[in-house]
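First the structure, in the form of structure tokens, and then the observations on it.
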2 protein chains.
Amino acid sequence: MTQTTSSRDLKNAGLKVTLPRVSILEILENAEQHHLSAEDVYKALLKQGSDIGLATVYRVLTQFEAAGLVTRHHFDGGQAIFELDTGDNHDHIVCMKTGKVSEFKDEQIEKRLLEIAAELGYSLTDHKIILYGIYNDKSK
Amino acid sequence: MTQTTSSRDLKNAGLKVTLPRVSILEILENAEQHHLSAEDVYKALLKQGSDIGLATVYRVLTQFEAAGLVTRHHFDGGQAIFELDTGDNHDHIVCMKTGKVSEFKDEQIEKRLLEIAAELGYSLTDHKIILYGIYNDKSK
DNA sequence: CTAGGTGCAAACATTTTGCATGGTT
DNA sequence: AACCATGCAAAATGTTTGCACCTAG
């Protein structure tokens, strides 16, 4: 029995392996820019000929989020942005001109955040850092 | 000629001093929990007898944001949250059970963020940190 | 008096949901 | 076969906008 990575991920998450779920997961895995809105995913599906509804995209992405396969961000406010959860819980920096997104992860900061939460009387569960800046393209 | 703090702030921002703007600014200044959605502000206005429309609340808050009087947050995604911009650009920790919000500011982290942005090729303009946790009420 | 502000209702954008149909195990 | 998933369209949210009227300067 052959099994793609995508379908294995779905099974591990306790989700039935259906065409829409596999397609959406593959889009998230293969997109060069892997920060996608539901609309982006929907358009990608259309482009590859699927006739999957936008409602299903939202449903599936929400299930993926609940299953821990995907993370939902609210970078600017308009629409939610989804990306595959690689397990490293990285943070983001967004270029205010081009929308380019880069990722980073910093132990020093995370240690400090834990301390800060404790000082304020909280048990830290999760965090989200978004930096806003201007990307300086050095190739120019 | 007498002048309240609110109306001075409005003038400095280049905004005409109108009743809706003054009322909204005062609500933002006086609310005990100063992280408010547009709806929250609207309800507070109703409670004090004003008949200011929700559309005006949105318009005024957006103008305040443009004028730098107010900051807009997207803590969870549903609705935008507004708070008076005190100029210190602090960050937030939100209790996932009660919705309680606390604030903090940490030089060490901000310095590190600046470095990270530079390493990735960005000029840092702004940042937003949201911590999610559980508040441990010690008074119990 | 005049430019700009406001209220209301309608328009919008995004996301969610009800329901009948269809697909997976 | 049983149950869950899907598509479609309608509803629900949150926010913005057009327009006639009103108000601060």
Side-chain angles (χ1 to χ4, degrees), chain A residues 1-4 6-25 27 35-43 45-46 48-67 69-82, chain B residues 1-4 6-25 27 35-43 45-46 48-67 69-82:
Chain A
M1 178 190 184
T2 325
Q3 198 168 274
T4 63
S6 303
S7 69
R8 186 198 305 283
D9 290 345
L10 289 174
K11 281 194 181 144
N12 290 345
L15 294 169
K16 254 187 207 172
V17 179
T18 63
L19 182 57
R21 303 218 255 237
V22 174
S23 304
I24 292 173
L25 193 47
I27 284 171
H35 297 92
L36 301 172
S37 66
E39 193 75 33
D40 291 336
V41 173
Y42 179 61
K43 282 191 214 131
L45 287 168
L46 290 184
Q48 69 182 43
S50 307
D51 62 341
I52 294 171
L54 181 56
T56 299
V57 173
Y58 275 105
R59 266 188 294 236
V60 168
L61 288 173
T62 302
Q63 292 159 351
F64 283 4
E65 185 190 18
L69 289 175
V70 148
T71 307
R72 186 190 301 246
H73 300 285
H74 301 277
F75 286 158
D76 46 349
Q79 64 227 10
I81 297 291
F82 299 84
Chain B
M1 177 192 183
T2 325
Q3 198 167 272
T4 62
S6 303
S7 69
R8 186 199 306 284
D9 290 344
L10 289 173
K11 279 191 183 146
N12 290 345
L15 295 169
K16 254 188 208 174
V17 178
T18 63
L19 182 57
R21 302 218 257 237
V22 173
S23 304
I24 292 173
L25 192 47
I27 283 171
H35 298 92
L36 300 172
S37 66
E39 192 76 33
D40 291 335
V41 173
Y42 178 60
K43 281 191 214 133
L45 287 168
L46 289 184
Q48 70 181 43
S50 306
D51 61 341
I52 295 173
L54 181 56
T56 299
V57 173
Y58 275 105
R59 267 187 294 234
V60 168
L61 287 172
T62 302
Q63 291 158 352
F64 283 4
E65 185 188 19
L69 289 175
V70 149
T71 306
R72 186 190 301 245
H73 300 285
H74 300 278
F75 285 159
D76 45 348
Q79 63 226 12
I81 297 292
F82 300 84

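All chains are named by letter (A, B, ...) in the order of the sequence lines, taking the proteins before the strands, and each is independently numbered beginning at 1.
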When rounded to the nearest 0.5 angstrom, what is the spacing between CD1 in B/I52 and CG in B/L19? 5.5 Å
Any side-chain heavy-atom pair from A/L10 and A/F64 closer than 4.5 angstrom? yes
Got B/R59 and B/P20 here, is their nearest side-chain heavy-atom distance under 4.5 Å? no
Give the rounded distance in Å between these two atoms: [atom1] of [X] and [atom2] of [N].
X: B/D40; N: D/dT15; atom1: CG; atom2: P; result: 11 Å
X: A/Y42; N: D/dG7; atom1: OH; atom2: C1'; result: 10 Å
X: B/H74; N: D/dG14; atom1: NE2; atom2: P; result: 14 Å
X: B/R72; N: D/dG14; atom1: CZ; atom2: C1'; result: 11 Å
X: B/K11; N: D/dA24; atom1: NZ; atom2: C1'; result: 10 Å

Would you confirm whether B/N12, through its side chain, and B/D9, through its main-chain N or O, come within 3.5 Å as a donor-acceptor pair? no
Judged by nearest nucleotide, the residue sitting upstream toward the 5' end of DNA chain C, B/K16 or B/T56, is B/K16
Minimum heavy-atom separation for A/L45 to A/S23, with atom names? CD2-CB, 3.7 Å
Identify the two heavy atoms, one from B/L54 and one from B/Y42, that lie closest to each other, and give their separation to 0.1 Å. N-CE1, 3.5 Å
Assert: residue with more 5' nearest nucleotide on DNA chain D, out of B/R59 and A/G53, is A/G53
Of A/L15 and B/E39, whose closest DNA chain D nucleotide lies nearer the 5' terminus? A/L15
Chain B footprint on DNA chain C, 5' to 3' - any atom under 4.0 Å from a heavy atom: C/dA3 to C/dA9
Which residues pass the side-chain contact (heavy atoms from CB on, under 4.5 Å) test with A/A66, sequence neighbours left out? none
OP1, OP2 of D/dT15 versus side-chain N and O of B/Y58: anything below 4.0 Å? yes
Steps toward side-chain contact (heavy atoms from CB on, under 4.5 Å) verdict (A/L69, A/Q63): CA-CA 9 Å; A/L69 289 175; A/Q63 292 159 351; over 6 Å; no
State, without any angle test, whether B/S6 and B/R21 hold a side-chain donor-acceptor pair at a distance under 3.5 Å. no
Residues from residues 17-25 of chain A lying under 4.0 Å of DNA chain C - heavy atoms: A/V17
